[in-house]
Amino acid sequence: AQSVTQPDIHITVSEGASLELRCNYSYGATPYLFWYVQSPGQGLQLLLKYFSGDTLVQGIKGFEAEFKRSQSSFNLRKPSVHWSDAAEYFCAVGVSGGYNKLIFGAGTRLAVHP
Amino acid sequence: EAGVAQSPRYKIIEKRQSVAFWCNPISGHATLYWYQQILGQGPKLLIQFQNNGVVDDSQLPKDRFSAERLKGVDSTLKIQPAKLEDSAVYLCASSTGTGGYGYTFGSGTRLTVV
């Protein structure tokens, strides 16, 4: 069955430091992969997505993610974190054949220290 | 373009009472989704509509939850009777239904059952 694992529940970084959020997926076919961000009281906003092609994907707000098939991973990175990046981040896998159903991980809550 | 509208934003009810949530998707979006997001977990798909037909309701607790999408536009999700474990944020999303997973999420309804 398809699943997504985000090993880190909480991460705290200092402003200006680099960030990497981990995501591992389980899916039989070539996956469609996504990262979403959720600020308090807000809906989910798409940061970036991977369908095929270049395994390094650029997204909004300076985020990027790298798809590694051999490791079943799709880790999210940012070279320099801003205080406004504090939020919850969700990795998701798209299930084809069912009108674009998404399966989400449990999320990683990011705190940013000044 | 206008986003996905949801109401109410917050609702507090006692267990065994009933409650209804409303969602107005982006105009022209054929696919509508209801997700349940329990605190500390990622969103879980409850039901998915394509126009006014149900595509996937495999994770909808049908003994207490019901949903409809009249005329393929607005949708209502109902819980009757509510249980304590139904406390969650209920997210509505819509998409064109074609490839690309172009989801747009609403801000959600936070339900607290006491």
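No hydrogens, no waters, no symmetry mates; every other heavy atom, side chains included, goes into these values. A note on names: the letters A, B, ... follow the listed sequences, proteins ahead of strands, and every chain is numbered from 1.
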Exercise. When only pairs under 4.5 Å are counted, which of A/Gln42, A/Gln38, A/Gln45 shares the most heavy-atom pairs with chain B?
Worked result: A/Gln38
Exercise. What distance separates B/Tyr103 OH from A/Phe34 CZ, expressed to the nearest 0.5 Å?
Worked result: 8.0 Å
Counting neighbours of [atom1] on [X] that are heavy atoms of other residues, nucleotides or ligands and sit closer than 6.0 Å, is the number greater than 12?
{"X": "A/Ile9", "atom1": "CD1", "value": "no"}
{"X": "B/Lys62", "atom1": "NZ", "value": "yes"}
{"X": "A/Leu56", "atom1": "CG", "value": "yes"}
{"X": "B/Trp22", "atom1": "CH2", "value": "yes"}
{"X": "A/Tyr32", "atom1": "OH", "value": "no"}
{"X": "A/Ile60", "atom1": "CD1", "value": "yes"}

Seminar exercise, completed: Minimal heavy-atom distance between B/Tyr35 and A/Lys101, with the atoms involved, is OH-C, 4.5 Å
Exercise. So, for B/Gly42 and A/Phe90, which heavy atoms are closest and what is the spacing to 0.1 Å?
Worked result: CA-CE2, 3.6 Å
Exercise. By a 4.5 Å heavy-atom criterion (distance strictly below it), what part of B/Arg110 contacts chain A: side chain, backbone, both, or neither?
Worked result: neither
Problem set entry | Part of B/Gln6 lying under 4.5 Å from any heavy atom of chain A | neither
Exercise. Which atoms of A/Leu44 come close to chain B, meaning under 4.5 Å heavy atom to heavy atom: side chain ones, backbone ones, both, or neither?
Worked result: both
Exercise. For A/Leu102, is it the side chain, the backbone, both, or neither that has a heavy atom closer than 4.5 Å to a heavy atom of chain B?
Worked result: both
